[in-house]
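Report on the following structure.
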Amino acid sequence: MIEFRTLTRAEVPHIWSIDRSEIIENIYFLENGNLILKPDYFDVRGWPPGEAEQYTPTLLDCFDRGGWFLGALDGDQLVAVTILESKFIGKEKDQLQLKFLHVSNAYRKTGLGKQLFELARTTARERGAKKMYISATPSENTINFYLHRGCEVTPDPDPELFELEPEDIHLVCDVP
Ligand SMILES: CC(C)(COP(=O)(O)OP(=O)(O)OC[C@H]1O[C@@H](n2cnc3c(N)ncnc32)[C@H](O)[C@@H]1OP(=O)(O)O)[C@@H](O)C(=O)NCCC(=O)NCCS
């Protein structure tokens, strides 16, 4: 049985135990504001080298300023995680970023991503946001998942987040 619970600070480095592997065959690009799917093959074997060392301090900073970290556990194994930033962004400062959403390979397509996404959306609303912002990996599966959840390409990407990930697809969704 899968248990959902918020993570402690000490558990943040365990996030890298999630199995990131994925075969990607198509990637989205933005052309004149339209999503265009193009063939591009990646055999993602795991987290990029150095990702854990580089990104853990960023995640701990996010945790320390009140970010929301939710894990899905199968026994004592962390199989999916989502993170909601606490810092408001956007022109109206009314958006919260879904900073992270990953489901271990063997657990995908079983509804876990959807449940974590919707729990993050509820939390964003409870924290006063009008929108949730996602800088999304441009792979076909990921973008189709977010579109299916009602996300749309934002005409106003956050400048800081766009500079960090210019090849991501920057999306927003309502938090009704
Ligand atoms: C993207 C990801 C989080 C989705 O999680 P998941 O657990 O596989 O997705 P779910 O099983 O929860 O999907 C459930 C719902 O989304 C829909 N869905 C899932 N993938 C979809 C796709 N590729 N296209 C369209 N709909 C999709 C399902 O039909 C279902 O919808 P419904 O119940 O409303 O009918 C997961 O595949 C993943 O971790 N991918 C690799 C890492 C990644 O890219 N993370 C995002 C970084 S921004």
Side-chain angles (χ1 to χ4, degrees), residues 2-22 44-74 76-105 107-108 112-139 142-143 145-146 149 151 153-154 156-175:
I2 305 287
E3 178 203 358
F4 292 90
R5 64 165 173 81
T6 50
L7 301 180
T8 64
R9 193 177 194 279
E11 286 173 316
V12 170
H14 300 180
I15 286 172
W16 310 112
S17 67
I18 288 173
D19 177 4
R20 173 66 188 94
S21 63
E22 180 179 14
V44 182
R45 298 276 171 96
W47 298 101
E51 179 91 345
E53 292 73 12
Q54 196 188 331
Y55 203 48
T56 301
T58 304
L59 294 184
L60 289 172
D61 285 349
C62 172
F63 189 95
D64 291 342
R65 63 176 167 263
W68 182 77
F69 287 57
L70 188 73
L73 290 104
D74 187 358
D76 58 3
Q77 196 191 343
L78 196 54
V79 295
V81 169
T82 195
I83 299 173
L84 185 72
E85 248 296 354
S86 59
K87 230 177 12 182
F88 281 88
I89 57 171
K91 280 188 190 148
E92 312 292 331
K93 292 279 175 283
D94 59 357
Q95 302 178 7
L96 285 175
Q97 185 198 4
L98 184 77
K99 197 179 180 72
F100 192 95
L101 175 62
H102 283 276
V103 177
S104 273
N105 192 330
Y107 290 82
R108 290 180 199 145
L112 270 185
K114 172 181 168 176
Q115 288 177 76
L116 289 176
F117 179 92
E118 294 305 339
L119 288 165
R121 177 148 51 186
T122 302
T123 304
R125 182 180 62 233
E126 287 168 358
R127 290 184 169 204
K130 296 271 184 295
K131 302 237 180 228
M132 196 156 72
Y133 186 106
I134 304 122
S135 171
T137 306
S139 65
T142 302
I143 299 305
F145 167 81
Y146 287 125
R149 306 249 61 80
C151 300
V153 174
T154 177
D156 287 314
D158 180 81
E160 211 176 298
L161 295 177
F162 188 78
E163 198 182 319
L164 281 174
E165 299 287 358
E167 284 166 12
D168 274 8
I169 303 295
H170 291 247
L171 306 163
V172 288
C173 68
D174 288 335
V175 291

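In this text the structure is predicted, and so the values were computed from the model without any measurement.
- Shortest non-hydrogen contact noted between F69 and I83 is CE2-CD1, 3.4 Å.
- Listed by chain and number, the residues in a side-chain hydrogen bond (donor to acceptor under 3.5 Å, both in side chains) with E51 amount to none (sequence neighbours excluded).
- Partners of Q115 according to the side-chain hydrogen bond (donor to acceptor under 3.5 Å, both in side chains) rule, which considers only residues two or more places apart in sequence or in another chain, do not exist here.
- Residues C62 and E85 form a side-chain contact, since some pair of their non-hydrogen atoms from C-beta on lies under 4.5 Å apart.
- At a cut-off of 3.5 Å, with distance as the only test, no side-chain donor of T154 or D156 sits close to an acceptor on the other residue.
- Distance CD/E22 to NE2/H102: 9.0 Å, rounded to 0.5 Å.
- Look at R121 and D174 and you find no salt bridge, because none of the NZ, NE, NH1 or NH2 atoms lies under 4.0 Å from a carboxylate O.
- Distance check: K114 NZ to R149 CZ gives 5.0 Å after rounding to the nearest 0.5 Å.
- Residues meeting the side-chain hydrogen bond (donor to acceptor under 3.5 Å, both in side chains) test with D94, sequence neighbours left out: none.
- Between V172 and C151, every side-chain heavy-atom pair lies at or beyond the 4.5 Å cut-off.
- Tested against S135 for a side chain to side chain contact (heavy atoms under 4.5 Å, CB included), the candidates H170, E167, K99 yield a single pass: H170.
- In this structure, OG1 on T122 lies 10.5 Å from CG on L84, to the nearest 0.5 angstrom.
- Listed by first and then second residue, the side-chain hydrogen bond (donor to acceptor under 3.5 Å, both in side chains) pairs that reach into residues 53-63 are W16-T56, sequence neighbours excluded.
- Applying the ring-ring contact (aromatic ring centres under 6.0 Å, His included) criterion to F145, with sequence neighbours excluded, gives no partner residue.
- In terms of the side-chain hydrogen bond (donor to acceptor under 3.5 Å, both in side chains) criterion, S104 has no residue partners (sequence neighbours excluded).
- Between F100 and I15, the closest side-chain pair of non-hydrogen atoms falls below 4.5 Å.
- Contact check for V103 versus I18: no side-chain heavy atoms found under the 4.5 Å cut-off.
- Here CG of L7 is found 10.5 Å from CG of L59. Values are rounded to the nearest 0.5 Å.
- No hydrogens or angles considered: a donor-acceptor pair under 3.5 Å links the side chains of Y107 and D74.
- Under the 4.5 Å side-chain criterion, counting only non-hydrogen atoms from C-beta, Y133 is in contact with L161.
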